[in-house]
K.L.:
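So that we are looking at the same thing, I have put the structure below in structure tokens.
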Number of protein chains: 2
Amino acid sequence: MICMTDLCTTSALRLIQVAEDFRAGLSGEFSAVHGISVNEFLLLLHLERATANRLSRVDLAKRMHVSASTITRMAAPMEKIGLVGREVDDRDARLVFVVATVTGREKLSQSLATFSKRAGYLFSNRWEDEELDQFSEMLRRMIGGTGDTLA
Amino acid sequence: MICMTDLCTTSALRLIQVAEDFRAGLSGEFSAVHGISVNEFLLLLHLERATANRLSRVDLAKRMHVSASTITRMAAPMEKIGLVGREVDDRDARLVFVVATVTGREKLSQSLATFSKRAGYLFSNRWEDEELDQFSEMLRRMIGGTGDTLA
DNA sequence: GCAAAATGCTTGCATGTGCAAGCGATTCGC
DNA sequence: GCGAATCGCTTGCACATGCAAGCATTTTGC
């Protein structure tokens, strides 16, 4: 018996599986070719797509579904190797923004090319343009409307 | 300029984001209501859907995109609380299969209900049945054809 | 104005995970 | 058959991460 519940469940399972497959493949190439993790890539991407190209640590944490302490500990080595820097807020001394350096933006650009290549593998030669359009639009509708989105 | 590459990239980013949003929400409810992690749930689900309802540790590792040592360390506490047991292979003494106990299957059943409920939230009231059908079929095509699939 | 609550960030501790090494069992090459 | 290579699993170590506590700063309630 196929009912709506089953279809939702199956779709959600497939969604998780496809995302994890893709991410697992990405992980190897990222560390080998670019020397960064997928999460570090996503951190740089969040910065690039944020207003003013900078984000506080708690904002980053919410967008990346990790704790604030993880952001602190992710940013430290990225500062050390010059991918990101920090900016303080004039009005609120508690805020410490994370900003991408020029080096960080270059790293993001190179990593994004790898990402796009693999994204192409994931879809290409299987789907019509129209199908992909529709798929992308469906996913857009599934992302929460907070606006703090990557795509 | 919108080209195929951009569309693939955007779709892949959205795919990852939706999957992580969903998984993050699931994680809290699973630990609070069922006392298991999402990965433990997925381990039980892999067992349920495997032929003979059992899998070796390396098979589990491949299907779950984790290392073999992680399976060893995940299975140990699950054995302790009676969710899974172990079976040895008569012909190959190296193989130690992981099998779900009755308790484990009950836990899976309850957890799957939570999963389905949240999967329903993810899709329901937004999509037509036909759209969801198509979405599910698209995801099916994106899963590698090894057959070791959950859905 | 000021104390209390809230906010942003960091740190200590516990847990989860991957990698490499090690051990026992099996298969391969000859 | 037998040694070497392979395979399945486990363990030591290092690293990543969440939670709770702590500190500094800001906002709130009065």
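Note that these values count all heavy atoms, side chains included, but never hydrogens, waters or copies made by symmetry. Here is the naming used below: chain letters follow the sequence lines, and residue numbers restart at 1 for every chain.
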K.L.:
On the 0 to 90° scale, with breaks at 30° and 60°, tag the A:F135-B:F135 ring pair as parallel, tilted or perpendicular.
P.N.:
parallel
K.L.:
Between the protein and nucleotides 15-17 of chain D, list the N/O to N/O atom pairs that are separated by less than 3.5 angstrom.
P.N.:
from	atom 1	to	atom 2	distance (Å)
D:dT17	OP1	A:N39	ND2	3.1

K.L.:
Is any side-chain heavy atom of A:V84 closer than 4.5 Å to one of A:L44?
P.N.:
yes
K.L.:
Decide yes or no for B:L83 and B:E40: does some side-chain heavy atom of the first lie under 4.5 Å from some side-chain heavy atom of the second?
P.N.:
no
K.L.:
Would one find a side-chain N or O of A:R86 under 4.0 angstrom from OP1 or OP2 of C:dT10?
P.N.:
yes
K.L.:
Specify the separation, in whole Å, of atom CG of B:D59 and atom P of D:dG8.
P.N.:
8 Å
K.L.:
Using the rule that Ile, Leu, Val, Met, Phe, Trp and Tyr join whenever any side-chain heavy atoms are under 4.5 Å apart, tell me whether A:I143 and A:I16 fall into a single cluster.
P.N.:
yes
K.L.:
Is any NZ, NE, NH1 or NH2 atom of the basic residue among A:E29 and A:K117 found under 4.0 Å from an Asp or Glu carboxylate oxygen of the other?
P.N.:
yes
K.L.:
How long is the line joining CZ of B:F30 and P of D:dG18, in whole Å?
P.N.:
19 Å
K.L.:
Determine the minimum heavy-atom distance between A:R118 and A:L26, stating which atoms define it.
P.N.:
CD-CD1, 3.4 Å
K.L.:
Output yes when A:R23 and A:E20 qualify as a salt bridge under the 4.0 Å nitrogen-oxygen rule, no when they do not.
P.N.:
no
K.L.:
Could you tell me the separation between the CD atom of A:Q110 and the NZ atom of A:K107, rounded to the nearest 0.5 Å?
P.N.:
5.5 Å
K.L.:
Would you say B:S67 and B:T70 are linked by a side-chain donor-acceptor pair, where the criterion is simply a distance under 3.5 Å?
P.N.:
yes
K.L.:
So, is A:T72 close to the C:dC9 phosphate, meaning a side-chain N or O under 4.0 Å from OP1 or OP2?
P.N.:
no
K.L.:
In whole angstroms, how far is the C1' atom of D:dG8 from the CG atom of B:L55?
P.N.:
14 Å
K.L.:
Separation of B:L60 atom CG from C:dT17 atom C1', in whole Å?
P.N.:
16 Å
K.L.:
So A:F115 and A:F41, would you call those rings parallel, tilted or perpendicular, with 30° and 60° as cut-offs?
P.N.:
parallel
K.L.:
Using modelled atom types only, decide if a donor and an acceptor are shared between the side chain of B:S56 and the backbone of B:L95 within a distance under 3.5 Å.
P.N.:
no
K.L.:
How many Å lie between CD on A:E20 and P on C:dT17, as a whole number?
P.N.:
11 Å
K.L.:
Using whole Å, report how far CD1 of B:I71 lies from P of C:dC19.
P.N.:
14 Å
K.L.:
Could you tell me how far apart B:L43 (CG) and C:dT17 (C1') are, to the nearest whole angstrom?
P.N.:
15 Å
K.L.:
Using five pairs at each end of the helix from C:dG1-D:dC30 to C:dC30-D:dG1 to define an axis, what is the angle between those two axes, to 10°?
P.N.:
30°
K.L.:
Using a cut-off of 4.0 Å between protein heavy atoms and nucleotide atoms, how would you tag nucleotides 3-8 of chain C 5' to 3' with B, S and -?
P.N.:
---BBS
